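Take a look at the structure below.
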Number of protein chains: 2
Amino acid sequence: MTDGTYVGPKPVKPIPQEIRPSQENALRRWGEIRDWVLGLPALERVFLVGAGGSYSGLQAAHYLLDRESALPVVSVNSDEFYHRASPSVGPGALVIALSAAGATAETVRAASWAQERGAAVVAVTLKSDGPLAQAVSNGFISLNGDGNQIVLQLLVLATLAREGHDVSAKIDALHALPDATDAALRGFEPLAAAIAKDMKDVPVTYLLASGPLQGMGSTFTSCFLQEMQWMHAATINANEFFQGPFEVFDKQTKSILFLGEDATRPMVERAERFLSEHSGTTHRIDSRDLELAGVPSDQRGFIAPLVFYPMMFRLAENYASVRGYTLEGRRYMWQFAY
Amino acid sequence: MTDGTYVGPKPVKPIPQEIRPSQENALRRWGEIRDWVLGLPALERVFLVGAGGSYSGLQAAHYLLDRESALPVVSVNSDEFYHRASPSVGPGALVIALSAAGATAETVRAASWAQERGAAVVAVTLKSDGPLAQAVSNGFISLNGDGNQIVLQLLVLATLAREGHDVSAKIDALHALPDATDAALRGFEPLAAAIAKDMKDVPVTYLLASGPLQGMGSTFTSCFLQEMQWMHAATINANEFFQGPFEVFDKQTKSILFLGEDATRPMVERAERFLSEHSGTTHRIDSRDLELAGVPSDQRGFIAPLVFYPMMFRLAENYASVRGYTLEGRRYMWQFAY
């Protein structure tokens, strides 16, 4: 066991180079992904399966399916999926299993179990030789997590195409993503630095988000703040804010707000109005502030979560820089069996 | 705006008298509930809709459907349900809307919207003259929340009966509930007092639960601790514990563990083994410690969540007693429009 890797404050790491190639790599898979989904013998319902950051990482794809498809969709933690063992997992079910390195044992077990039950199982993962890709018959491999996010959206779009939807506008918008992401990340850096500096020592970090951004919020508070910075933190879905959690806010409370341009935005705006009056500083990260060149206005809500994904990693790097704890440090994870 | 109602520590309120009559009232509705569900022209999928404590309150019913039924089931916050506006909400969909007093505006709007879309909508609520019951065509009225929990389970059992399942063993087990609850609540009081005394001033309360008990955990941390005691708190589903949140635990961290007897118990036991070694005090509330007289061993996992529900209220009363803040006090809720 380690107490982590305190190395002291240090300059923030540069924006990684591999985002664009991974996005472009994923975009090239569209034909193959569409053909695979169109070729499934039956498609009656969809399970999105993952754990931790990969569970949260399913929420933007889930949102798009909910909004557009008549198919029933569930996103569920891998271990829960396995233990609940719903009788509906079998032929006709499409199971999309997400795991970055593909090494999460619970996800490998869940995907294998679903495949044995006769479901169509597809792995979305970075490594063709990882345990998840090895365990299932079908896999789409990305170069990094940004690619995974695009592959997930392509799987959703293929599902919609199978239902008869015209998805060409969304496919076109996706092709604007690499340039839009590049510009957004450069523009976000000063805000990320300011948030990290102001929030680095708060007793509890609350993050509010909604719809397709809620998963990004959970990844940030669970995987980055709790897991990598050992900070108390929780994401509150804006839909639940006024059902209890808002009572804990006062002028000493600082929080972070993710605002998208999808149908759930009014819920976050309502929370924001409350916070501006009754809470301390609220840091807002709003997709409306992003240029997103080449993305038509009616596709911004669809594209925004894919840009928030690497932005969240940049926010984490800025925390690591001012707090002096690397994102690679763990007290327990990977240190011993548990 | 009020800063709440600090009245100073005071004796814990007695166990309420209305639990048994409300349970018995709900049990008498079985024939009517079964006939209503059997009479639906189509039943292809189920939406469980509520907000806050009522959203959390849907999880035990959701769990039973997942385990036993082939129908697709989603539980969703009322506002999210309305804003997502999934095309699958319409004829063939059963929408079960839960709201205790039936006055939650978001739930009333969601239920009305689903009914306009042609879904079969049923209200589970305490008040026949409340806005929710008035807004929808079908309602089952309970005397209090314990009755609501039973009505929800009866709706699930009717759905299973419609699918051809024999639900008689579960109906029989439910009839043992009033006596079993009575005994469990009396037995729980010393443990509830000890937990409240030890946890009343912790900086953040983490509660771990799984499966049908996860919603009870969320109700406790969101509605009781955040909303009524203004304490920082979060429920961690045991299925996500090792995916990040466990890194925030150390010897100073105290937590509460809910253990049931359902298929998801192994996940909580795994977390418990970790906590016993790496965390401070862990308070465990385990359904195995309940007598549950008259409940056959194979029905204990089904019955336990229904007993945990009033136990959680007793735990809250014990917090209120030692902390000196009543459960009725609010800073914002009901004080002004938001």
Side-chain angles (χ1 to χ4, degrees), chain A residues 1 45 51-55 63 66-74 77-80 83-88 104 106 203-204 210-211 222-223 225-228 230-234 237-240 242-250 263-264 266-267 270 273-274 278 330-333 338, chain B residues 1 45 51-55 63 66-74 77-80 83-88 104 106 203-204 210-211 222-223 225-228 230-234 237-240 242-250 263-264 266-267 270 273-274 278 330-333 338:
Chain A
M1 179 179 140
R45 54 186 307 188
S54 293
Y55 170 68
Y63 180 82
D66 267 359
R67 285 285 295 172
E68 307 279 346
S69 169
L71 287 174
V73 188
V74 168
N77 165 282
S78 311
D79 223 13
E80 189 84 26
H83 283 293
R84 288 207 183 201
S86 172
S88 62
T104 306
E106 294 89 343
V204 182
S210 75
S222 290
C223 301
L225 297 190
Q226 289 183 308
E227 176 179 327
M228 303 179 190
W230 312 314
M231 294 176 74
H232 295 300
N237 191 314
N239 65 32
E240 285 287 309
F242 290 106
Q243 307 299 333
F246 78 139
E247 285 280 339
V248 90
F249 286 79
D250 60 26
T264 67
M267 296 192 291
R270 185 182 170 210
R273 287 192 293 276
F274 179 89
H278 301 287
R330 300 288 186 281
R331 292 197 275 207
Y332 311 121
M333 197 176 273
Y338 44 80
Chain B
M1 179 178 139
R45 54 186 306 187
S54 293
Y55 170 68
Y63 180 83
D66 268 358
R67 285 285 296 172
E68 306 279 345
S69 170
L71 287 173
V73 188
V74 168
N77 165 281
S78 310
D79 224 12
E80 188 83 26
H83 283 293
R84 288 206 183 203
S86 172
S88 63
T104 305
E106 294 88 344
V204 183
S210 75
S222 290
C223 301
L225 297 190
Q226 288 184 307
E227 176 179 328
M228 303 180 191
W230 313 314
M231 294 175 73
H232 294 301
N237 191 316
N239 64 33
E240 285 286 309
F242 291 106
Q243 307 300 333
F246 77 138
E247 285 280 340
V248 90
F249 286 79
D250 60 27
T264 67
M267 296 191 292
R270 184 181 170 210
R273 288 191 292 275
F274 179 88
H278 301 288
R330 300 287 186 282
R331 293 199 275 208
Y332 311 122
M333 196 176 272
Y338 44 81

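As the structure is a prediction and not an experimental result, all values here were calculated from the model. Order of the sequence lines fixes the chain letters, A, B, ..., with proteins taken first and strands second; residue numbering starts at 1 for each chain.
Listed here is the closest heavy atom pair of A:G52 and B:Q243: CA-CB, 3.3 Å. Residue B:R45 comes nearest to A:V73 through the heavy atom pair NH2-N, 4.4 Å, listed as atom of the first residue, atom of the second, then distance.
For the atom pair B:F242 CZ and A:Y332 OH, the distance stands at 11.0 Å (nearest 0.5 Å). A distance of 9.0 Å separates CD in B:E80 from OH in B:Y55, rounded to the nearest 0.5 Å. Here B:Q226 contributes atom CD and A:F249 contributes atom CZ; the two are 7.5 Å apart, rounded to the nearest 0.5 Å. Summarising the geometry, atom OH belonging to B:Y63 is positioned 9.5 Å from atom NE2 belonging to A:H83; distances are rounded to the nearest 0.5 Å.
Only the side chain of B:F274 comes within contact range of chain A, judged by heavy atoms closer than 4.5 Å. With a 4.5 angstrom heavy-atom cutoff, B:Y338 touches chain A via backbone and side-chain atoms both. Heavy atoms of A:R270 lying under 4.5 Å from chain B belong exclusively to its side chain. For A:F246, the parts lying under 4.5 angstrom from a heavy atom of chain B are both the backbone and the side chain. Contacts between B:M231 and chain A at a heavy-atom distance below 4.5 Å involve the backbone alone (N, CA, C, O).
For chain B, the option among A:R84, A:M333, A:E68, A:E240 with the highest count of heavy-atom pairs below 4.5 Å is A:R84. Between chain B and the options A:S210, A:P203, A:C223, A:S69, heavy-atom pairs under 4.5 Å are most frequent for A:S69. Taking chain B as the reference chain and counting heavy-atom pairs below 4.5 Å, the highest number among A:A233, A:P245, A:A234 is found for A:P245. The residue among A:L225, A:T264, A:T104, A:N77 with the most heavy atom pairs within less than 4.5 Å of chain B is A:N77. Comparing B:L71, B:D79, B:D250, B:V248 by heavy-atom pairs within less than 4.5 Å of chain A, the highest count is held by B:V248. Put simply, of A:S86, A:P87, A:A263, the one with the most heavy-atom pairs under 4.5 Å next to chain B is A:P87. Note: A:A51 leads A:A51, A:A70, A:P266 in heavy-atom pairs under 4.5 Å with chain B.
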Passes side chain to side chain donor-acceptor pair (under 3.5 Å), B:N239 versus B:N237? Steps please.
CA-CA 5 Å; B:N239 64 33; B:N237 191 316; 3.1 Å; yes
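At a threshold of 4.5 Å between non-hydrogen side-chain atoms, the residues A:M228 and B:E247 do not count as touching.
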